[in-house]
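Given the structure is predicted, the values throughout are model-derived calculations rather than measurements. A note on names: the letters A, B, ... follow the listed sequences, proteins ahead of strands, and every chain is numbered from 1.
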Amino acid sequence: MPLLTFKGGIHPEEGKEISKHKAIVKYKPSGDIVLPVSQHIGAPATPVVNVGDRVLRGQLIASANGFVSANIHSSVSGIVKAIEPRKTFTGAMVESIIIENDQEYEEVPVTDFRKPEEMTAEEKIELIKNAGVVGMGGACFPTHVKLSPKNPEKIEYVIVNGSECEPYLTSDYRRMVENPELVIEGLRIMLSLFPNAKGIIAIEDNKHDVVYKFHKLLKKDPLISVKELYTKYPQGGERQLIYALTKKKVNSSMLPADVGCIVDNVDTVVAIYDAVVNKKPLTNRIVTVTGDNVYSPYNYNVPIGTLYIDLIQESGSFINEPKKVISGGPMMGFAMEDCYVPIQKGSSAILAMSKDDATCEETECINCGKCVSACPERLLPTLLAKAASNHETNKFVKLNGLECIECGCCTYICPAKKNLAQTIKTKKKEVIASRRKK
Amino acid sequence: MDKKIMNVSSNPHVRSEVSTQGIMFDVLIALVPAAFFGVFNFGLRALLLIATCMITCILSEFVFERLTKRKNTIFDLSAAVTGLLLALNLPAEFPVWMAVIGSVFAIIVVKQLFGGIGQNFMNPALAARCFLLLSFGTRMTTFVYDGVTSATPLAVIKNGGTYELKAMFLGTTGGTIGETCVPAILAGALFLLFRRVISLRIPLTYIITFVVFIVLFTDIKFDYVTIACELCGGGLMLGAFFMATDYVTSPITPAGKIWYGIILGLLTGLFRFYGPNAEGVSYAIIIGNLLVPIIEKFTVPYAFGREKERFFGRLFAKRKKDKEVKA
């Protein structure tokens with residue numbers, strides 16, 4: 001049987017070998033912790049602590065502001081040193097709570113001993129909401145919102161996204177190698193929220209060992225199946241993943257729930273497990289430190305709010321002066337000005353590169369159409385980019401510019417080295433912003 | 001570590017190895033078998049023409065860009081490809097000075113005056129060929145083979161004669177330098193397909209449409225030997241695989257490529273069987289080039305997840321939205 005996949009896409013150099021076999025190491029930072037109040041899509045959280053307060057690990061320090069928002073918890077114990085704007089990995093200044101780490105890691109005692117079986121769906125979602133769980137694949141959409149669709153009985157599939165199609169990243173892979181049972185249990189909790197749903201664990205075929213492991217653990221589970229996907233970028237994109245697994249198509253004006261699907265990243269599912277079973281908020285995540293410019297690549301379990309620089313120094317610093325340091329993967333990650341920024345809920349990797357492909361010279365478009373065949377959304381990137389740079393908004397919208405998922409395939413494949421994705425992305429944001437104004 | 005500011009840029013941060021220069025180099029390699037056979041078949045005169053056209057094309061690009069203070073683009077090899085293609089479209093006995101005029105026309109008039117690489121709306125090599133056909137008609141249609149001036153196989157067939165299929169397939173006939181040997185052209189085309197420089201969409205629909213045209217609208221009907229002769233003869237193979245697939249002057253949309261192939265097939269049939277000449281590939285492709293913008297306009301693909309709007313259009317989508325709002 002041919003492997004499940006979608007049309008289009010690209011095959012960038014994987015680079016996963018660098019950190020694939022490195023077991024997850026718990027990292028305990030010694031320096032200050034910086035926790036931005038906006039680590040998710042939606043309204044920023046409101047700080048509920050004051051400067052000088054002592055906080056414990058797992059204590060709520062900023063509470064969700066509205067439904068589409070998420071709580072923030074302290075990931076260490078210590079004194080709140082300041083609440084001030086700090087730079088994040090996108091380069092933006094965001095109000096942050098800075099905690100002086102006393103290195104005792106004193107935790108908030110657990111007082112709730114209910115078992116998941118004794119809880120109703122609403123209570124479980126409440127726990128997930130309180131724990132501040134967001135999508136940890138990078139988009140950071142609050143998970144409790146995702147888990148509360150209009151008609152829970154219409155959800156057919158709950159998909160665990162273990163495809164990890166971004167090159168270099170291995171955090172999800174390590175999670176699945178080391179804690180597959182947590183992933184399965186997390187998925188069972190999610191399934192208990194939807195009466196008619198079946199679970200799918202989707203993994204790309206470059207992680208065949210994990211597929212085998214899940215097969216062995218699940219045997220012939222009536223509810224959960226493991227599906228192997230063809231290794232291709234952006235296989236882990238929500239719309240592409242849903243299409244590959246169910247042949248249902250989601251466009252920009254729909255949510256996955258509209259076609260009866262809920263998709264969550266592996267690490268998110270584990271966070272759901274922690275929130276519902278252990279009653280623990282989201283304070284740690286797995287971060288891959290990798291790239292051709294780090295001495296010892298590793299997968300770390302890191303308290304959120306640790307500065308990138310601490311983690312880099314932990315792994316033996318850079319080999320040479322890096323040309324580029326990226327938060328996330330090379331396809332969708334953010335290039336950082338410097339490494340004095342905190343790790344957030346959605347930061348899956350630090351990637352240090354000794355060369356910067358993006359500095360190459362742009363030439364004229366030769367209309368080769370490689371971007372067209374690479375586009376997973378079946379758009380015409382080169383025409384969109386032309387319309388965008390000519391400020392032809394109507395043409396841009398007519399050419400379905402708003403469907404762009406910003407995966408970057410077009411820029412990657414372009415022989416003229418044009419930065420198509422950037423041009424399209426910028427125009428798309430402009431159009432959406434001007435619509436919102438109306 | 002000091003707080004040195006590093007490179008920042010928008011995602012993605014990696015790029016593929018493909019470059020314009022690499023693609024053009026692949027095309028040059030793919031044309032080597034045809035060119036090599038041309039020299040073997042027609043003698044060193046062919047080599048002289050190939051060299052003349054390539055050098056003139058590169059030089060005129062260089063000089064023009066120097067004079068107009070533009071970025072030098074001769075290293076993207078597109079001018080070299082134009083030169084080689086033009087030479088392969090000339091008869092071996094063609095005067096050198098005329099070839100020079102053709103090359104200058106291709107680069108300066110067709111390509112550079114419209115904005116250089118990527119901006120020309122016609123294939124420069126073919127436009128130059130048509131220009132030469134109109135200017136020096138007799139010299140462009142005088143084909144010498146084995147020291148004898150003779151009509152091309154296609155002209156023989158057009159006038160009711162027959163021609164040996166094997167010779168037409170192998171290319172041991174009169175014709176332009178690069179168009180006669182089908183195996184050499186197909187070898188180059190296979191290389192381009194393998195390197196994913198071209199896809200089969202345009203060439204295949206072109207050739208199939210042309211065959212269908214022969215069956216439906218000409219007296220040849222199902223005479224497969226003559227059909228095979230029509231396919232091997234003239235510039236059809238070279239045109240279908242190397243000129244109709246030219247990136248700049250062919251549609252970018254997947255469906256547009258199919259329509260473009262169909263249009264080329266129909267035009268070629270029309271020109272070959274209903275026109276005064278035995279050959280029509282160059283004119284068909286040139287006219288096809290002119291239709292590209294309109295083809296692209298009508299073949300914008302439906303975005304992923306938007307296919308339902310195909311049949312009912314925006315109206316349907318709007319109604320559905322209204323219903324949702326009411327509900």
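For the pair A/Glu166/B/Pro12, no side-chain contact is recorded, criterion being any heavy-atom separation below 4.5 Å from C-beta on. Within the 4.5 Å cutoff, side-chain heavy atoms of A/Met331 are placed close to those of B/Val14. A heavy-atom distance below 4.5 Å is found between the side chains of B/Ile252 and A/Leu383.
Interface summary for chain B: among A/Gln422, A/Met353, A/Lys249, the most heavy-atom pairs under 4.5 angstrom belong to A/Lys249. The most heavy-atom pairs under 4.5 Å with chain B, out of A/Lys370, A/Glu13, A/Met254, A/Glu406, come from A/Lys370. For the set A/Glu364, A/Lys324, A/Arg239, the count of heavy-atom pairs under 4.5 angstrom toward chain B peaks at A/Lys324. In terms of heavy-atom pairs under 4.5 angstrom with chain B, the leader among A/His11, A/Met336, A/Gln240 is A/Met336. For chain B, the option among A/Ser252, A/Cys409, A/Ala421, A/Ser373 with the highest count of heavy-atom pairs below 4.5 Å is A/Ser252.
Remark: A/Lys150 NZ is loosely packed, at most 12 non-hydrogen atoms of other residues, nucleotides or ligands lying under 6.0 Å away. For A/Asn390, the CG atom counts as densely surrounded, since its 6.0 Å shell holds more than 12 non-hydrogen atoms of other residues, nucleotides or ligands. More than 12 heavy atoms of other residues, nucleotides or ligands shown are found within 6.0 angstrom of NZ on A/Lys386. Enclosure of atom CZ in B/Phe64 by more than 12 non-hydrogen atoms of other residues, nucleotides or ligands within 6.0 angstrom is indicated. Counting heavy-atom neighbours within 6.0 Å of B/Glu17 CD, excluding the residue itself, gives a total of 12 or less.
Contacts of B/Thr73 with chain A are absent, with no heavy-atom separation under 4.5 Å from either backbone or side chain. Residue A/Pro376 touches chain B through its backbone alone, counting heavy-atom pairs closer than 4.5 Å. Within the 4.5 angstrom heavy-atom criterion, only side-chain atoms of B/Glu296, from C-beta onward, approach chain A. Of the two parts of B/Ile23, only the side chain, counted from C-beta on, holds a non-hydrogen atom closer than 4.5 Å to a non-hydrogen atom of chain A. If you measure heavy-atom distances from A/Phe6 to chain B, you find no contacts under 4.5 Å at all. Of the atoms belonging to A/Val372, it is side-chain heavy atoms, and not backbone ones, that fall under 4.5 Å from chain B. With a 4.5 Å cut-off on non-hydrogen atoms, A/Cys368 touches chain B through its backbone and its side chain both.
Remark: the A/Thr359 side chain and the B/Arg15 side chain contain no N/O donor-acceptor pair separated by less than 3.5 Å.
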Problem set entry | Residue pair A/Asp357, B/His13: steps toward the side-chain contact (heavy atoms from CB on, under 4.5 Å) verdict | CA-CA 6 Å; A/Asp357 280 1; B/His13 307 288; over 6 Å; no
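Between the B/Asn11 side chain and the A/Gly333 main chain, no donor and acceptor come within less than 3.5 Å of each other. For the pair A/Asn367 (side chain) and B/Ser250 (backbone), a donor-acceptor distance under 3.5 Å is present.
Rounded to the nearest 0.5 angstrom, B/Ser78 OG and A/Ile366 CD1 are separated by 8.5 Å.
When the options A/Lys7, A/Glu377, A/Glu403 are evaluated for a side chain to side chain contact (heavy atoms under 4.5 Å, CB included) with B/Phe304, the one that passes is A/Glu377.
Minimum interatomic distance between A/Leu379 and B/Ala303 (heavy atoms only, all atoms of both residues): CD2-CB, 3.7 Å.
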